[in-house]
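As structure tokens, the structure follows; a few thoughts come after it.
Predicted model only: the values in this text are computed from it and were never measured.
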Amino acid sequence: MTTIPSASQWGSPTASRRALLIHGLNSSSHTFHRVASALAAKGYLAVAPNLLGHALRKPGVDFHVQTLADDLLPYLQAAEYDIIIGHSLGALVVLSLLKYLPKTKPTSIVLIDPSLELTAEQLVDGRDKFSSDVRANHTAEDYIALNPLWTREDAIWRVLGTHIGRSTNPDDHINGNVPWSFSHLIADKPAAAALTVLIQDLRFNGASKLESVAKFKDIRAVVVPNASHWIQYEFPEVIVEEALRNMTMGD
């Protein structure tokens with residue numbers, strides 16, 4: 001019997017349309033609470049799994065992104081999804097799942113601020129940043145002060161995601177994916193799928209991410225003004241609009 005990994009769900013289980021939402025590093029399924037609620041209001045069943053090593057789940061046999069993706073295969077085997085969204089590390093998991101998607105079914109794919117290519121120096125900086133965030137032990141009030149566009153609920157879920165994940169996640173997942181190179185996985189996108197990449201404001205480290213996707217002609221890149229890395233908290237409506245836009249492109 002195949003075991004379905006733990007997940008949060010929004011919407012009716014009998015909904016005819018489905019969305020799969022995949023969270024990022026040191027986060028949890030509830031990072032998508034606003035995006036999922038909006039999709040549910042539009043008639044979707046939104047399913048957000050918890051990745052290995054997160055939300056009290058034990059890690060896998062290794063920390064490769066492909067291992068995280070393969071763990072979620074039971075979802076794709078149990079149902080077909082109209083929309084698939086991934087944030088940060090979760091976006092790389094989505095890319096690793098592209099080869100398993102139906103070849104002819106129109107699928108809307110939205111990647112939220114992924115780092116597709118990182119140098120060794122950038123990897124060190126990223127690992128230090130995430131590890132520092134864990135050590136800081138921020139409260140909800142701290143996150144609200146640092147991120148004025150967040151709601152209190154956003155901040156609470158951010159705190160919870162950090163606390164119920166493994167403290168070594170930043171080191172393990174970054175060190176386990178060297179060299180950090182994932183843009184080649186875009187070639188696995190089925191022709192029937194539409195893929196959009198949302199990128200944080202170029203003032204906030206978005207320029208290099210835009211450069212990584214700009215060379216792909218069949219990928220829609222959208223810079224979200226005033227957004228940080230946490231677009232799902234600050235501008236969830238943009239994510240939903242882009243996901244639904246891609247659906248109309250396939251009609």
Side-chain angles (χ1 to χ4, degrees), residues 8 10-11 19-42 44 46 48 50-51 54-55 83-94 108-116 125-126 129-130 132-134 136-165 170 195-213 219-246:
S8 301
W10 293 258
L20 186 66
L21 317 176
I22 304 177
H23 70 79
L25 182 62
N26 268 17
S27 191
S28 73
S29 56
H30 278 277
T31 192
F32 285 113
H33 69 103
R34 287 207 273 167
V35 172
S37 295
L39 288 172
K42 293 184 178 295
Y44 285 82
N50 289 302
L51 295 175
H54 296 74
I83 293 173
I84 302 178
I85 299 172
H87 172 240
S88 193
L89 178 67
L92 306 182
V93 172
V94 171
S108 171
I109 301 167
V110 179
L111 308 182
I112 306 170
D113 206 47
S115 294
L116 300 182
D125 290 343
K129 178 181 177 181
F130 273 104
S132 175
D133 191 50
V134 172
N137 198 28
H138 288 308
T139 65
E141 288 70 24
D142 293 332
Y143 278 119
I144 291 172
L146 292 168
N147 304 277
L149 295 180
W150 292 19
T151 66
R152 180 170 179 77
E153 189 175 0
D154 296 331
I156 290 172
W157 286 124
R158 181 72 189 108
V159 171
L160 184 63
T162 299
H163 281 270
I164 62 177
L195 196 161
T196 296
V197 180
L198 299 180
I199 300 169
Q200 65 179 298
D201 194 304
L202 299 184
R203 296 172 297 164
F204 310 143
N205 198 35
S208 62
K209 296 176 181 178
L210 178 60
E211 184 178 351
S212 294
V213 301
I219 304 302
R220 175 175 164 83
V222 178
V223 176
V224 184
N226 300 314
S228 72
H229 182 60
W230 300 89
I231 301 173
Q232 70 270 31
Y233 291 159
E234 297 154 349
F235 299 99
E237 70 281 2
V238 173
I239 299 172
V240 174
E241 288 168 5
E242 287 296 328
L244 297 178
R245 177 188 182 278
N246 285 345

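The CH2 atom of W150 lies 12.0 Å from the CD1 atom of I156; values are rounded to the nearest 0.5 Å. How far OG1 of T31 is from CG of D154: 8.0 Å, rounded to the nearest 0.5 Å. One distance of note links CG of L92 with CD1 of I22; it measures 10.5 Å at 0.5 Å rounding. The structure places CD of E153 at 4.5 Å from NE2 of H33, a figure rounded to the nearest 0.5 Å. How far OG of S115 is from CG of N205: 7.0 Å, rounded to the nearest 0.5 Å. To the nearest 0.5 Å, atom OG1 of residue T151 and atom OH of residue Y143 are 14.0 Å apart.
Smallest separation of non-hydrogen atoms from V197 and P114: CG1-CD, 3.7 Å. A pairwise comparison of heavy atoms in H229 and S88 identifies NE2-OG, 3.0 Å as the closest pair. Taking both residues in full, the closest heavy atoms of L25 and P170 are given as CD2-CA, 4.0 Å, listed atom of the first, atom of the second, then distance. The nearest pair of heavy atoms linking V240 to L39 is CG1-CD2, 4.1 Å. Of all heavy-atom pairs between L202 and A207, the closest is CD2-N, 3.7 Å. Across every non-hydrogen atom of H30 and S8, the tightest pair is NE2-OG, 3.2 Å.
Using a 30° and 60° split on the angle between ring planes, H87 and W230 fall in the tilted class, from 30° to 60°.
The shortest distance between side-chain heavy atoms of L244 and I83 falls below 4.5 Å. Between I231 and I199, every side-chain heavy-atom pair lies at or beyond the 4.5 Å cut-off. You'll find the side chain of L198 reaches within 4.5 Å of the side chain of E242, heavy atoms only. Between L21 and Q232, every side-chain heavy-atom pair lies at or beyond the 4.5 Å cut-off. Contact annotation: the side chain of F32 approaches that of I112 to within less than 4.5 Å [non-hydrogen atoms, C-beta and beyond]. A heavy-atom distance below 4.5 Å is found between the side chains of L111 and L195. For the pair L149 and F235, the minimum side-chain heavy-atom distance is below 4.5 Å. V159 is not listed as a side-chain neighbour of T139, based on a closest heavy-atom distance of 4.5 Å or more.
Judged by distance alone, with hydrogens and angles left aside, the side-chain atoms of H138 form no donor-acceptor pair with the main-chain N or O of D133 at under 3.5 Å.
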**OP:** Please step through side-chain hydrogen bond (donor to acceptor under 3.5 Å, both in side chains) for the pair N50 and S28, ending with a clear verdict.
**Re:** CA-CA 6 Å; N50 289 302; S28 73; 4.7 Å; no

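A donor-acceptor pair shorter than 3.5 Å cannot be found between the side chains of S228 and N147.
A salt bridge is absent between R158 and D142: the closest approach of a Lys/Arg side-chain nitrogen to an acidic carboxylate oxygen does not fall below 4.0 angstrom.
Partners of E141 under the salt bridge (Lys or Arg N to Asp or Glu O under 4.0 Å) rule, at least two apart in sequence or in another chain, are R152.
Among residue pairs with one or both ends in residues 202-211, those qualifying as salt bridge (charged side-chain N to carboxylate O under 4.0 Å, His left out) are D113-K209, D201-R203; sequence neighbours excluded.
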